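Every number for a ligand or one of its atoms is a count from 1 in the order of the listing. Residues: numbered from 1 along the sequence shown. Predicted, not measured: the structure shown is a model, and the values here were computed from it. Side chains are part of it too, since the values below use all heavy atoms of this structure and drop only hydrogens, waters and symmetry mates.
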Amino acid sequence: MPKERMRWAELLDVLTDSDRRREVVVERATETERMALFLLRRAGWSAQISPKDTKEYDIEIVKPGVRSAVQIRNQRAKVHLGQIEKYLDFLNQPNGKNFTEGLFISTSGFTKSVYAYLREEKIKNLQLAIMRDHNLIFDCEKADAADEREKTTYIGVFTCKGGVGKTTISAHLAGAFALNGYDVALVDLDHQQNLRKLLGEGVYLPATKGSLGSVISVLSGDEWDEGDYKDTKIVVCDCNPEFEANPKEYIQKFDYCIIPTTLNPLGINKNADVIKRTFSAIRRENADAHLHVLINNLQPDEENRNTLLNQVLKTQFKQISERDGRVHYIDPAECAIRFSKQLMYWGFHLFDGTKPQLAFRTVGRYSYPRMDFLKLVDYLELQAGFQKLKAKSFGA
Ligand SMILES: Nc1ncnc2c1ncn2[C@@H]1O[C@H](COP(=O)(O)OP(=O)(O)O)[C@@H](O)[C@H]1O
Ligand SMILES: [Mg+2]
């Protein structure tokens, strides 16, 4: 056996008799799990593969006073916030309560939204680690330095209909990018100039734990200039619902369009028509942009109705997306903006005289808007990464 292969085999032969007994009943531990088991034991933990039929976690580790459930992910893309949300849900459920904390190990790292979320919600019962080159790295945000953005990304929030959340979504999507450490230009293309009214010249999200902090600059269509804002690589445009009123040079630059809509029974057909009109309007000027239908105002406690209404609405775009590979319907299970009082009353600061801010305050346990918009950033980033991979593998 070649030397390297032999070393690996030795390294991975870490199962104790009790692991083996469990393994006979369970499916075989994967190589990634065995590697993690080895590294955790080397780090002084008493570690065991999870019992039969346990899907929520892969390994249990124990030290005096600490009992931790370990989840391991070996996937090509970085672990994103939706996956972390699911694991946090498990840790907070009764059977998760047997553990004092959780550990999530990824071989590919984590998205920026994951770090931003854990930091902003001050979540203490979940640790992250990256498994790389036969090591567990716990200081992973540093190790996970994301690819630098060379090109400026333009995102248009647009639909030919008023009052469905364009301004709300533009502002908070910009906010989520800012939480991820990016400076953002928030360009107001709507005559109503609501963003100026709501946010003034902009907002600054202060630095936390060694990061630099980031700025959202609110600008009119004339004020934005790539040369003047060299560090700003994300541009989010709040569009005018009247297509012709939007400067063509912006529409042509869009890499992504977010098209907000709602799951309202009486409105479903009408909304679908509006969205189809929106698609064809954008396509007149821009053949390349990815167009994403996003559900806004989702009622989180109406799962059955949402599933059914979602099916009905989704079907309306099936043919279009078969013809145009860049038309996407974002499944609300993956990402949607939930109805929240925070978003409903966002803008109240205009009346009580407090300073401009985004609806990202933690209320009760979590902040819905913050979670939802960070997931939207993940969705767009992973989609972009996927496109890059695809382009590479086709040699384009
Ligand atoms: N997810 C949401 N939950 C609760 N209220 C929302 C949500 N999204 C938008 N709203 C509210 O709906 C109204 C219209 O939103 P707005 O962003 O101004 O729409 P548009 O820019 O498309 O006209 C606002 O009062 C806003 O607070
Ligand atoms: Mg608006």
(request) Please name the pair of heavy atoms, one in L199 and one in W346, separated by the smallest distance, quoted to 0.1 Å. (result) CD2-CZ2, 3.9 Å
(request) For the residue pair S367 and E121, establish whether any side-chain heavy-atom pair is separated by less than 4.5 Å. (result) yes
(request) From the options C239, S170, S340, G347, select the one whose nearest heavy atom is closest to atom 4 (C) of ligand 1. (result) S340
(message) Below the 3.5 angstrom mark, is there an N/O of I169, backbone or side chain, next to an N/O of ligand 1?
(response) no
(message) For Y115 and N180: C-alpha separation, side-chain torsions, deciding distance, then whether side-chain hydrogen bond (donor to acceptor under 3.5 Å, both in side chains) applies.
(response) CA-CA 8 Å; Y115 298 113; N180 277 346; over 6 Å; no
(request) Output yes when K166 and D238 qualify as a salt bridge under the 4.0 Å nitrogen-oxygen rule, no when they do not. (result) no
(message) One thing to verify: whether K233 and E150 come together as a salt bridge, which I'm taking to mean a side-chain N less than 4.0 angstrom from a carboxylate O.
(response) no
(request) Using 2.8 Å as a strict upper limit, say whether an N, O or S atom of N194 approaches the Mg ion (ligand 2) that closely. (result) no
(message) Can you tell me which portion of K341 lies within the under-4.0 Å heavy-atom range of ligand 1? Options are side chain, backbone, both, or neither.
(response) neither
(message) Quick test: of every protein heavy atom, which one is nearest to atom 2 (C) of ligand 1, and how far off is it to 0.1 Å?
(response) N297 OD1, 3.2 Å
(message) Counting only nitrogen or oxygen atoms and a 3.5 angstrom limit, does K166 reach ligand 1?
(response) yes
(message) Quick check on Q192 - does any of its heavy atoms sit under 4.0 Å from an atom of ligand 1?
(response) no
(request) Identify, for atom 12 (O) of ligand 1, the protein heavy atom at the shortest distance, and state residue, atom and that distance. (result) G163 O, 4.7 Å
(message) If I apply the N/O under 3.5 Å rule, does V164 come out as touching ligand 1?
(response) yes
(message) Cation-pi check for Y182 against K112: NZ or CZ below 6.0 Å from the six-membered ring centre and within 45 degrees of the axis, yes or no?
(response) yes
(request) From atom 8 (N) of ligand 1, work out which of L343, L298, N296, I337 has a heavy atom at the shortest distance. (result) N296
(message) Students should be able to answer this: which protein heavy-atom is nearest to atom 19 (O) of ligand 1, and at what distance?
(response) G165 N, 3.0 Å
(message) salt bridge (charged side-chain N to carboxylate O under 4.0 Å, His left out) for E249 and K253? Distances and angles first, verdict last.
(response) CA-CA 6 Å; E249 61 270 27; K253 279 203 172 120; over 6 Å; no
(message) Test side-chain hydrogen bond (donor to acceptor under 3.5 Å, both in side chains) on Q316 and K276; report intermediate values, then the result.
(response) CA-CA 9 Å; Q316 300 258 4; K276 285 177 197 166; 3.2 Å; yes
(message) Suppose we measure from atom 25 (O) of ligand 1 to each protein heavy atom; which comes out shortest, and what is that distance?
(response) M344 O, 4.2 Å
(message) For F243 together with F158, are the ring centres under 6.0 Å from each other?
(response) yes
(request) Return a yes/no value for T168: is any of its N or O atoms, backbone included, closer than 3.5 angstrom to an N or O of ligand 1? (result) yes
(request) Compute the shortest N/O to N/O distance between T167 and ligand 1 and return yes if it is under 3.5 Å, no if not. (result) yes
(request) Would you check the N or O atoms of N194, main chain and side chain alike, for any that come under 3.5 Å of an N or O of ligand 1? (result) no
(request) Mind listing the closest non-hydrogen atom pair of C140 and F110 along with its distance? (result) SG-CE1, 4.3 Å
(request) Looking only at distances, please establish whether an N/O atom of ligand 1 is found under 3.5 Å from an N/O atom of W346. (result) no
